[in-house]
Amino acid sequence: MHIPGPDTRVVELRVHGILGATGDELTDSVASVDVAGDGIGRIMRPADRLRRPVPGPVLSAGDRSVPRIVEGYVWGGMTSGGLAKATWALLFPFALANMAHWMLPPVQTRNPVSRVLSTVLRALLRLSALLLTMLFVAQLTVISLDMVAAQCLSPGAPCLEFVPEAFRSFDVLRASVALLPIGLVVLLMHQLSTVSWQVSASEEEKPQHSARAPMLPGANVVADPDTPALRALHVVAALSTVVLLAVGGPFHPSADPRWLLSAALLVFCLVAVAGLDDPAGMHPNGKEKVLRTLLSRNPRRGLIGAAALLLCSVALLPGPLTGQLPGSGPTIDAITSAMVVTCVAVAVLLTPATLLARSTWKGCPRALRPWAGGWMSAPVLMLACMLGAGFGAGLAFTVRQTLVVDDAPGTPGPVLPAAFDDVTIFWGATTVLLVLAAVVGVPLLLFRRWRSGRTDGDSSIPDEIALLHAGRPEDQRAAANAWKWADLQRRYSHVILLVIAGVLAISTAVTVVARTIGLPPLMETDWLVTIGVVSLAGLAAGLLRLVFRAAGKRDTARYLGVLCDLVLFWPREAHPVVPPCYALKVIPELAQRATEHLADPNTRVVLVGHSQGSLLAAVAAARLLDSLPEADRERVGLVTAGSQLQWAYPRAFPGVVSHAALRDLAGALSGRWRSLCRGTDPLGGAVTTWSRQVYDGMLIGVGFRADGTEGPLPAATRGPTGALVLGGDHWLPDPQRGPFACRRWVPGVLGHSDYPGDPEWDRAVAMAAGLESPVRGAALPLHPQTPTPAQAPAVPSPPKSAPLTARGGDGGSLGDSAEELAQAAEEPEPAEPVQADEPEPEAAPEPQPQDVKARPKPSVLPELTEPRGRSAPWERAAALGSTEG
């Protein structure tokens, strides 16, 4: 390991999480300026009054101070800001379908059955994504060509009366005007899918397979070279769907060459999408070589040109447009039915695939295993498909209601295909079931919470909280309530998604039964259809309103950007019509910036990530370790704060950020991975430890070790700021201890916010830089040479369980109980002059006679104080300042 020299410096490279951040917020300064980047991915430093970059505050590492440079990578502009990025929310179903691909369980390369299942599942996901695009375009065609051009604008129709009759009499003009927005939407989808962020780093990605679990986290998060071919297939399928709907639909074969050609193009697209596997091109066989040859640049242009000519032919020779188009209903029915079948097939085939992949995580505790046994891809795909179908149907009902307002009294308005009635029944049933689930679940949850508080009372403070907030009863009560709610959210957040998936499955079954055999209570009464129409209209109108508000208001744009932050981390794999993946730009540029700093042999780089930024920082650290020589790896550290790298990402994406990959990363960093966590944080949690409990006044647990293994860890040590350090996790007291002189202090329960404001932040950075040992001060004597006063509670009460013992010291643990420490303080010891910078110790309580029966020990731990010479510098600042005068 490199020994720090006199010229050693630390570069702290920070990455923010969801909701974005400004440079000032990220660098924790009053002003910041750009020092690198391209304006999209901005690297910023604190600035002085003249807007000049300045280094950050010095880093206290043990008994010395080390120069520190604070930099922040701001990437929030990639996902939020402006009307263009606000409209990305309309593609949220596409992004969900693409994310479902990354949630598949890892394939077992040595098991042929697992390989076949993985190949079929990925093909089904790509087919579902293609059907989702076709359904979206088909619904827009029904609105524009069928409902408006063929019904409302037909000659003599009492709809849109302001349109002159001269325009209504020309079918070519009406068809061209109706198909023009459809063509523009498809063109916009194509252009959006071609957008990618320009990466300024020179790093070249190694070929990886997205279905195979990587050795280090996120190693398979790379761009798919088949994305251009997949993009072309979606465009061709979308245009062919419009043509097929206009010339009669899929169930009415015609001698019209346009019908034959559009059907042939659709079949080719479906087959090609299913066959485009092996995204990294690592083992192309004969079939894939032929398919890639057919989908090279020139053939792709020919396919798109043929589909565009077909669309133009429909605009120039539309046929009769005097009423509802006969191909609208069958086209919507066929696409919807195929999409439901693929979703069911994915759900069925995922079951054996997860059972075969179970060997990769069966050794983990239950709390660390993938959600639903690795089956979460199925409900996410189902949610994406139903949201896509619901948004298109909601838009159609909203437009129809707008057109009906202008109708003459007593005349019927435009008619939608019967397939839209099925959608209304589906969403009506979904709304009713969701309301029932909320009516049952929310009171049950509140009742259990009330019953737990009534049974336990204020005296029932969990041992871990009592140990962390020793001597502070008010902080213990505030923390205990926040810990319960945060743990509830982390533990059951995925259950909400499973409940929604169950509701969608039941609603689908109800809709299928109602369509096939008929349900008199549902078909004769329109209450369910009415609820569905209102829900769909509210879904479409609410989303459109949110998009327009986000285009003009920064706060709304930031909250809308949360959706993009979560789903746009993943590269285009199953669905190409999604906004560009920011991870493909942020991760290599972070690694490149760190490499530039490491060119100085006296520099140590610590990547720091908060929330979603912790995933970016961890993957960048893994890439960095994989590319650096062995001698430079020891100068790389990682700090995560409020991270989801244990309770969320390995459980939702076991094939990308697996538990084993995180363990290997911790071993590669050899103890230089530090994680700041709060029990009050509902979004973040522990990263490197689990199965924690308090035993004999000590916090113990299991976690990652510095040698790359996992197992029981030494008891937690206490830092000078009151944090408990167990393995690589720093458990911060929340509310904070303090306030501290000459240091920013934030009162109250902070939860997921303001981690840099905690004084333990600097200590974690120093440990990640290899400048401080996590167990500094562990060799303190059992009886401190300086008296340690103990504060007894106002109303002592007997403990419910074994009494806890006070633990103090800078990273050490004292083995005596609170009363033994008080008795030890009365033992004679050599007189020691009181220094000017230390307050005079309080008088210790009188010791109890040995023959007197011991009194009950307090249930609240005493206030912890640090031994002489071990208090943090900012805690002694006031005393030091008084001596200077």
Side-chain angles (χ1 to χ4, degrees), residues 91 94 126-127 129-142 144-145 149 171-196 224-250 253-276 288-319 325 327 331 335 572 575-578 580:
L91 302 178
F94 294 170
R126 291 191 298 272
L127 282 174
L130 181 64
L131 292 170
L132 192 58
T133 299
M134 294 167 57
L135 180 63
F136 174 71
V137 175
Q139 289 174 332
L140 292 181
T141 306
V142 169
S144 180
L145 183 63
D171 293 344
V172 175
L173 189 58
R174 284 187 291 142
S176 300
V177 172
L179 292 177
L180 179 61
I182 306 300
L184 292 177
V185 168
V186 176
L187 178 62
L188 180 62
M189 292 168 55
H190 177 270
Q191 293 301 318
L192 177 62
S193 60
T194 60
V195 175
S196 296
D224 185 359
D226 291 333
T227 300
L230 199 61
R231 177 195 312 132
L233 292 174
H234 276 250
V235 171
V236 172
L239 296 176
S240 301
T241 300
V242 177
V243 175
L244 193 66
L245 185 150
V247 297
S254 172
D256 190 339
R258 295 178 298 179
W259 189 96
L260 296 174
L261 187 55
S262 61
L265 287 177
L266 278 177
V267 171
F268 175 78
C269 291
L270 293 173
V271 174
V273 163
L276 272 180
E288 292 174 349
K289 288 181 179 180
V290 172
L291 188 58
R292 285 181 170 86
T293 302
L294 292 176
L295 294 175
S296 57
R297 176 174 297 184
N298 291 331
R300 290 199 304 266
R301 291 177 177 177
L303 289 174
I304 295 177
L309 289 176
L310 283 177
L311 185 66
C312 293
S313 69
V314 172
L316 297 177
L317 300 172
L325 296 180
T331 303
I335 298 174
R572 296 161 175 148
H575 204 304
V577 189
V578 294

Please table the atom pairs, donor to acceptor, closer than 3.5 Å between any side-chain atom in residues 294-311 and protein atoms at least two apart or in another chain.
| residue | atom | partner | partner atom | Å |
| --- | --- | --- | --- | --- |
| Ser296 | OG | Thr293 | O | 3.0 |
| Arg300 | NH1 | Leu295 | O | 2.7 |

Please work out whether the ring planes of His234 and His575 are parallel, tilted or perpendicular, with thresholds of 30° and 60°. tilted

Side chain to side chain contact (heavy atoms under 4.5 Å, CB included) partners of Ala237, counting only residues at least two apart: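 Checked Ala237 against side chain to side chain contact (heavy atoms under 4.5 Å, CB included); matches are Leu130, Met134, Leu266, Cys269.
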
Answer yes if the side chains of Ser193 and Arg231 hold a donor-acceptor pair under 3.5 Å, and no otherwise.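 Their side chains do contain a donor-acceptor pair, which is all the 3.5 Å distance test asks for.
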
Got [X] and [Y] here, is their nearest side-chain heavy-atom distance under 4.5 Å?
X	Y	value
Val185	Val137	no
Val186	Val242	no
Ser144	Leu140	no

Minimum heavy-atom separation for [X] to [Y], with atom names?
X	Y	result
Ala138	Thr331	CB-CG2, 4.4 Å
Arg258	Val314	NH1-CA, 3.6 Å
Arg572	Pro580	NH2-N, 3.4 Å
Ile182	Thr141	CD1-N, 3.8 Å
Ala229	Leu276	CB-CD1, 4.0 Å
Met189	Val577	CB-CG1, 3.6 Å

Please walk me through it: do Leu91 and Val578 pass side-chain contact (heavy atoms from CB on, under 4.5 Å)? CA-CA 7 Å; Leu91 302 178; Val578 294; 5.7 Å; no

Listing request: all side chain to side chain donor-acceptor pair (under 3.5 Å) pairs with a residue in residues 262-272, at least two apart in sequence or in separate chains. none

Trace of the side-chain contact (heavy atoms from CB on, under 4.5 Å) decision for Leu184 with Leu180: CA-CA 6 Å; Leu184 292 177; Leu180 179 61; 4.3 Å; yes

Enter the distance from Leu244:CG to Leu261:CG here, rounded to the nearest 0.5 Å. 11.0 Å

To the nearest 0.5 Å, what is the distance between CG on Leu131 and CG on Leu270?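 Leu131 CG to Leu270 CG: 6.5 Å, rounded to 0.5 Å.
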
